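Single-structure report; data block below.
All values derive from a computational prediction rather than experimental measurement.
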Amino acid sequence: MTSILFKKFENRKFITSSIVIFLISILYSLLHGSGFYGYGIDYHSGYSYGFEWLKPSAESNFLDYVGFRVATLEINEFHLGVYVVTFVITLATGLFIRELLKFKQNYSLVFFLLVFLIAIHTWPVIMSTSNAMRQGLTMSFLFLVFAYSFRKNLNYILLFSFLAIVMHNSGIFFVTIFIFANILNKLLKNYSNKNKAIINFSIGMLSLVAIYYAVNIILLSDNHQASRIISGDFRWAFIIIAISYVILSFYFSNILTNPFNLSLYYFSFISLPVVMNGLNWQYERLGMMMLIPYIFSFGSLLNSRSYKFYLVTSFSLLLLLTIYTDKYSVGLLSEFEIYLRSL
């Protein structure tokens, strides 16, 4: 009887939170679309001109085409792209956060709302709504891939993996890591924690070296120069996060026994050759897309009481850093500010 009542309560809470996520996603998209927060530089310099203006770039790579279409979506010359992108990002972020809180068995509607509302105002989300729009769409569908991997729902995993790939070319990078991590997780399932740590570290280091030379030889020309850094240098912050995550894997076995955590583990290795080859802003964007998953994954190493404090503190600090580093004033500009900059 008690278990039945508990399930009914959980179902009611699930329905309530779903409605809340949906309503917040609509409201947030309306605010962004109306220009309440301002628009990103990428929006002003590209997406706002519509698909035809960006068509050459879109048609040069199939994996970017759909993302360009969504980001520049117009109906009767009314730009809907910002509304749609913001809605998808907010919805996916809410569902992802809820799933991770439930997985940690530390889920209450009030606490979820607090973390959710702070998170959607931090750098990874706010910069993706009208700036890194295609990357934001890919990030959103990756969040849903992770969320449904906890439920082991293969149909949704395949669907959202496909959508992540066709929104931006970085999708194939992340989905490949996710598939690779899942395969290794199953292959090493019966190994001891010590052997898992040694084998995964060895594979990670081999992957790092191989991808470094592959990128250097295949993708970059002999006269390649390092790409520019966009509004703040966050390379070392992401490098420290990646190295710390790998080091912690030797002390916390659940990093190597969970497909979600293991995906971040291999991302920590495989993303490093990007910055080692001087692809600076590209590395920053990749790190931005995985920053929220990193925060939750680090939190999974804590007990339930510490976990709540850690999440609120981490996302609050990220929000403050988002404001302190001028992500709002630099990344999101009004039409008037864009006009003044053009003078």
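- With sequence neighbours left out, the ring-ring contact (aromatic ring centres under 6.0 Å, His included) criterion links Phe250 to Phe201.
- His121 places a side-chain N or O within 3.5 Å of a backbone atom of Leu117 that can act as its donor or acceptor partner.
- Considering only residues two or more places apart in sequence or on other chains, Tyr245 meets the ring-ring contact (aromatic ring centres under 6.0 Å, His included) condition with Tyr294, Phe298.
- Applying the side chain to side chain donor-acceptor pair (under 3.5 Å) test to Asn193 and every residue at least two apart in sequence or in another chain returns nothing.
- Heavy-atom neighbours of Tyr191 OH from other residues, nucleotides or ligands within 6.0 Å: at or below the threshold of 12.
- You'll find the side chain of Ser29 stays beyond 4.5 Å of the side chain of Val85, heavy atoms only.
- For Phe87, the ring-ring contact (aromatic ring centres under 6.0 Å, His included) test picks out Phe22, with sequence neighbours left out.
- Every side chain to side chain donor-acceptor pair (under 3.5 Å) that Ser306 has, sequence neighbours left out, goes to Asn303.
- Chaining together hydrophobic side chains whose heavy atoms lie under 4.5 Å apart leaves Ile198 on its own.
- Here the straight-line distance linking atom CD1 of Ile157 with atom CD1 of Ile179 works out to 10.0 Å at 0.5 Å rounding.
- Residue pairs meeting the side-chain hydrogen bond (donor to acceptor under 3.5 Å, both in side chains) criterion with at least one member in residues 197-210, sequence neighbours excluded: Asn200-Tyr266.
- Sorted by first then second residue, the salt bridge (charged side-chain N to carboxylate O under 4.0 Å, His left out) pairs that include residues 238-260, not counting sequence neighbours, number zero.
- Checked against ring-ring contact (aromatic ring centres under 6.0 Å, His included), Phe173 has no partners two or more places apart in sequence or in another chain.
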Distance-only donor-acceptor pairs under 3.5 Å for side chains of residues 286-293, two or more places apart:
none

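- Under the 4.5 Å side-chain criterion, counting only non-hydrogen atoms from C-beta, Val88 is in contact with Phe141.
- With hydrophobic clusters built from ILVMFWY side chains whose heavy atoms lie under 4.5 angstrom apart, Phe269 shares a cluster with Val209.
- Between Leu114 atom CG and Leu109 atom CG the span is 11.5 Å, to the nearest 0.5 Å.
- Screening residues 243-255 for salt bridge (charged side-chain N to carboxylate O under 4.0 Å, His left out) gives no qualifying pairs among residues at least two apart or on separate chains.
- Under the side-chain hydrogen bond (donor to acceptor under 3.5 Å, both in side chains) criterion, the residue pairs touching residues 138-165 are Glu99-Arg151, with sequence neighbours excluded.
- Ile239 is listed as a side-chain neighbour of Tyr283, based on a closest heavy-atom distance under 4.5 Å.
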